[in-house]
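Note sheet for the following structure.
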Amino acid sequence: MSFLTGLNTAQQRAVDHHNGPLLVVAGAGSGKTRALTHRIAHLIGKHQVDPTNILAVTFTNKAAREMKERLELLLARRLAESQFNQPLSTLSVNYQRQLRGKIYQEVIKDLWIGTFHALFARMLRFDIDKYTDTEGLKWTRQFSIYDETDAQNLVKEIVTQELQLDPKRYEPKKLRWAISNAKNQGWTAADIEGQIDGPRGKLISDLYSRYRRALAANNALDFDDLLLVPVQLLQQNQQVREYWHNRFRHVLVDEYQDTNRTQYELIKLLVTNGSDPSTYSNWINRSVFVVGDADQSIYSFRAADFTILMGFQNDFGDKESDSKTETMVKLEDNYRSTSTILEAANSLISNNTERIDKVLRATRGEGELIQLTRCDDEISEAESVIHQLRKLEAAHIDLSWRDMALLYRTNAQSRALEESLVRWRIPYVVVGGLRFYDRREIKDILAYLRLLINSSDSVSLLRVLNVPKRGIGKTTIQRLNDASNQLGIPLWDVVSDQEAVRSLSGRSAKGLIQFGELINDLKTHLLSSKPSELIQYTMEKSGYISELIADGTDESEERRRNLQELVNAALQYQEENEDADLEGFLASAALASDADSKDTSSDRVTLMTLHSSKGLEFPIVCLVGMEQGLFPSYRSLDNPASLEEERRLCYVGITRAKERLFLSHASERRMWGGMREPAMPSVFLSELPEDLLQGQAPRAGGTAIRRDRHLERLTRVDRNQNQNCQSVSPSNLPSNAVRRLHGGPAPGKSWKVGDVVIHSNFGEGEITHVFGNGEKVSVAVKFKGMGPKILDPRIAPISPK
């Protein structure tokens, strides 16, 4: 069995590449995951690469698990053919299990596949004790990983307790973001003062130093440290760098367009051992293989920098043109969407200038035209969209609610859609709610467990010291903290000393002693118990479960179910990891991301932001709120780079659709200030070929829907009613056939920035931006006493002064 079988020509080129650098420009739906997994299998199967020499970086933990499963199946199929001369699927279940188990033991177990954070946290478990901090701070291999909530709480404690500052004036969340940004830039505390002038720079520099010292005192790292510390370690320690450089001879990176500068530095250090990539030449039995698409780079707010991908050819590659290069392959055959959807996507993204030129080619039929709907307001839009879904579900017996997705630019837009779904009793799920591991009860139990591994973790200790309640008050806790700080020892050393407890805590001593005995009891089970058993034991012995049962409310029952799901998560971790221990499970839980919890398998309509939709696909996709100032966002309108990212986000949304795509926008929308404001179609709509769009007149407006109880009658498609609406109101015209109703500039002239206009309602204003051209022009006008308004001069009641 060849691992090139079943691949197209471009995929085969990518998979068959052995030594040296290669950039794979992989369009949406082009089979990039297939190329990645087949490449790893090809390296092992054809080139006899030792699995321990392969490092593969994925964007999510879920993607890492799926890649391992695919690899195991691929290699087991090959083993079945070589040993039994027949397909794996024809063997008995027992033989299939044996072969897959053999592949797991000999190959999958030794592969390093995971996210940047997971992989380099694992590296630090080996070598963090060799790290030299500029301030002399130290960490041990049993370090805790603080999530964003833990980090913000620690910053807040420093701001309010150590610096005695008002948290309302000096917001811990914003200060934590400033520290995070500094770490992503690779800055030290001293660097910050050079980058940020004045008192704010000095404050953040001081806070950064104190925060670092507090992390070290707790033997903890935050998410940013999981990348920054490895970079600094590899830069400063040649012996450590050479070990990992020699260990990982084949480095693969998925979603390369979403890497940031720190991640890029890690890749360079591993691949070239600290040498300049453009001059590095020792590629014998070594490769760097990156897969990405600049057109799908949508995470700049997370410090992702798509120019890293754009610069790969100059950094690592042969610097040749696209037609001559040997270090770039383009995957342009799309196996997901109809040609109509792909033509629209190609047309839209061609308006961007910062990209690597490629054109998605359909491998499927033409498909239906894209449905474009203009509605009166967001309520009418929601009813219109849900009506379309109901029609499709009723007309196609093989279509389920899980096949449909509603995508929007901001979370706030889900409200009107949810209300409509509830009215029509349609099941749905909103992706992007509270992360499972952020729930209070989950964080409580994990804090207990972290304390068993790392007794220096005072943040975890303080979280559970009086949970469930043990009669330990704030005054007592403050005394214990003061003693810890003055003696320069971990808080646990004070809490676990019964004499110290009796001296410092008075009536609280009993509860503190019981807590110390509980933790010591739990520690005795640390080596002999599996993670799932330890969780169950902790929940019971701590009294956490019994307190929830005694409470007897629906909320406490929900929390108890969540804790049982935590046990399930540990059981799953044990199934996937032969040498599963508590330390590994805690690292896995800390590194779980929002992207890992996108559950779209149940039979419910999926609602999510466009950012959350990345990596998913649905037969039916509806993009709502396609309005100027909403999508693209108003902040991007005067920034060409931001506008290009918004266009990439739209491109991502369009390419999620497999069969049908629906686009909609409203003539007015209730915005964040509570006022209804006129809205105009997104500039992105004018960048789609008109021959691919099919306009539909809207139905009754939101006002009528709110007023009338007979929703079934009002939301029924009624051609005569629609035709009447078209003749009454310009907002009822299809968006690609708007008639000019108001006077514009004199013949031969056009709207321009600086023009003064008169609006029949808002009065006099000045044009600050002009978007589009010709008949598809739109303008932003600043009126006195109010924010800017984005208007369509063809229908807005404005005229030149």
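Computed from heavy atoms alone, side chains included, the values below leave out hydrogens, waters and symmetry copies.
- Under a cut-off of 6.0 angstrom, the local environment of NZ in Lys510 is sparse, with at most 12 non-hydrogen atoms contributed by other residues, nucleotides or ligands.
- Ser546 places a side-chain N or O within 3.5 Å of a backbone atom of Gly543 that can act as its donor or acceptor partner.
- Between the side chains of Asp127 and Trp244, at least one donor N or O lies within less than 3.5 Å of an accepting N or O.
- Ionic pairing of Arg125 and Glu583 is present here: one or more N-O contacts between side-chain nitrogen and carboxylate oxygen are shorter than 4.0 angstrom.
- The backbone N or O of Thr538 sits less than 3.5 Å from a side-chain atom of Ser542, completing a donor-acceptor pair.
- Of the possible polar contacts, one joining the Ser503 side chain to the Glu499 backbone as a donor-acceptor pair under 3.5 Å is found.
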request  = Please assess Asp222 against Arg176 for the test side-chain contact (heavy atoms from CB on, under 4.5 Å), listing each intermediate value before the final yes or no.
outcome  = CA-CA 11 Å; Asp222 64 22; Arg176 158 65 188 144; 3.2 Å; yes
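- Residues Gly471 and Ser508 share a closest heavy-atom pair of O-OG, 3.2 Å.
- Contact detail for Ala121 and Phe143: the closest heavy-atom pair is O-CZ, 3.8 Å.
- Checked by atom type, the side-chain pair Asp206/Ser209 shows no donor-acceptor distance below 3.5 Å.
- A donor-acceptor contact shorter than 3.5 Å links the side chain of Arg141 to the backbone of Phe126.
- Atom CG of residue Leu124 and atom CG of residue Leu221 lie 6.5 Å apart, to the nearest 0.5 angstrom.
- The closest side-chain donor-acceptor pair between Asn454 and Gln142, if any, does not fall under 3.5 angstrom.
- Interatomic distance, Ile453 CD1 to Leu582 CG, rounded to the nearest 0.5 Å: 4.5 Å.
- A salt bridge is defined here as a Lys NZ or Arg NE, NH1 or NH2 lying under 4.0 Å from an Asp or Glu carboxylate O, and Glu555 with Arg559 fails to meet this definition.
- More than 12 heavy-atom neighbours from other residues, nucleotides or ligands sit within 6.0 angstrom of CZ on Arg261.
- Formation of a donor-acceptor pair under 3.5 Å by the Asp150 side chain with backbone atoms of Val459 is not found in this model.
- With rounding to the nearest 0.5 angstrom, the CD atom of Glu517 is 10.5 Å from the NZ atom of Lys541.
- Side-chain contact, Gln413 with Thr410: a donor N or O sits under 3.5 Å from an acceptor N or O.
- Between the side chain of Arg560 and the backbone N or O of Leu548, no donor-acceptor pair lies under 3.5 Å.
- Residues Val229 and Trp139 have side chains not in contact (no heavy-atom distance under 4.5 Å, counting atoms from C-beta outward).
- The distance from atom CG of Leu207 to atom CD of Glu162, rounded to the nearest 0.5 Å, is 9.0 Å.
- With contacts defined as side-chain heavy-atom distances shorter than 4.5 Å, the pair Arg122/Leu226 does not qualify.
- Tyr104 and Glu72 share no donor-acceptor pair across their side chains, judged by distance under 3.5 Å alone.
- For Ser420 (side chain) and Leu417 (main-chain N/O), no donor-acceptor pair under 3.5 Å exists by modelled atom type.
- With Tyr146 as the aromatic partner, Arg450 does not meet the cation-pi criteria of under 6.0 angstrom to the ring centre and within 45 degrees of the ring axis.
- Donor-acceptor pairing under 3.5 Å is recorded for the side chains of Asp482 and Gln478.
- In this structure, Leu446 CG and Ser460 OG are separated by 9.0 Å, a value rounded to the nearest 0.5 Å.
- The local environment of NZ in Lys173 is sparse, with at most 12 non-hydrogen atoms from other residues, nucleotides or ligands closer than 6.0 Å.
- Look at Arg561 and Glu557 and you find a salt bridge, because one of the NZ, NE, NH1 or NH2 atoms lies within 4.0 Å of a carboxylate O, short of that distance.
- Contact between Ser456 and Pro490 at its shortest, heavy atoms only, is OG-CG, 4.0 Å.
- Judged purely by atom type and a 3.5 angstrom limit, Ser400 has no side-chain atom pairing as donor or acceptor with the backbone of Arg402.
- Here the side chains of Arg604 and Ile426 are not in contact, with every heavy-atom distance at 4.5 Å or above.
- The shortest distance between side-chain heavy atoms of Tyr408 and Leu607 falls below 4.5 Å.
- The shortest side-chain heavy-atom distance between Leu406 and Ile386 falls under the 4.5 Å cut-off.
- When each of Asn485, Leu462, Asp457 is checked for a side-chain contact (heavy atoms from CB on, under 4.5 Å) with Leu491, only Leu462 meets the rule.
- Residues Leu518 and Tyr448 meet the side-chain proximity criterion, which asks for heavy atoms closer than 4.5 Å.
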Stepwise side chain to side chain donor-acceptor pair (under 3.5 Å) check, Thr58 with Asp254 = CA-CA 5 Å; Thr58 60; Asp254 193 10; over 6 Å; no
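- Remark: Lys530 does not engage Glu533 in a salt bridge, criterion side-chain N to carboxylate O under 4.0 Å.
- Counting only N and O atoms by type, the side chains of Tyr299 and Asn260 include no donor and acceptor under 3.5 Å apart.
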message = Quick one, Val494 with Leu504, criterion side-chain contact (heavy atoms from CB on, under 4.5 Å). Give me CA distance, side-chain angles, the key distance, then yes/no.
response = CA-CA 10 Å; Val494 179; Leu504 292 167; 3.9 Å; yes
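- A salt bridge is absent between Lys469 and Glu547; no separation between the charged side-chain nitrogens and carboxylate oxygens falls under 4.0 Å.
- Within the 3.5 Å criterion, the main-chain N or O of Ser556 finds a donor-acceptor partner in the side chain of Thr553.
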request  = Apply the test side-chain contact (heavy atoms from CB on, under 4.5 Å) to residues Lys443 and Arg439: give CA-CA distance (whole Å), side-chain angles for both, the deciding distance (0.1 Å), then the verdict.
outcome  = CA-CA 6 Å; Lys443 288 181 72 68; Arg439 291 180 168 90; over 6 Å; no
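- Checked by atom type, the side-chain pair Tyr573/Asn568 shows no donor-acceptor distance below 3.5 Å.
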message = Apply side-chain contact (heavy atoms from CB on, under 4.5 Å) to residues Tyr208 and Lys183 and explain how you reach the verdict.
response = CA-CA 10 Å; Tyr208 188 173; Lys183 288 186 177 183; 3.4 Å; yes
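- Under 3.5 Å, the side chains of Tyr544 and Asp444 contain a donor-acceptor pair of N or O atoms.
- For the pair His611/Phe301, a side-chain contact is recorded, criterion being any heavy-atom separation below 4.5 Å from C-beta on.
- A donor-acceptor contact shorter than 3.5 Å links the side chain of Asn520 to the backbone of Gly516.
- Between the side chains of Thr140 and Asn219, a donor-acceptor pair is found at a separation under 3.5 Å.
- A salt bridge links Glu135 to Arg213: one of the charged nitrogens lies within less than 4.0 Å of a carboxylate oxygen.
- The aromatic rings of Trp492 and Phe515 lie perpendicular to each other, with more than 60° between the two planes, well past the 30° mark.
- In this structure, Ala190 and Ser205 approach most closely via the heavy-atom pair N-OG, 4.4 Å.
- Interatomic distance, Glu171 CD to Asp166 CG, rounded to the nearest 0.5 Å: 10.0 Å.
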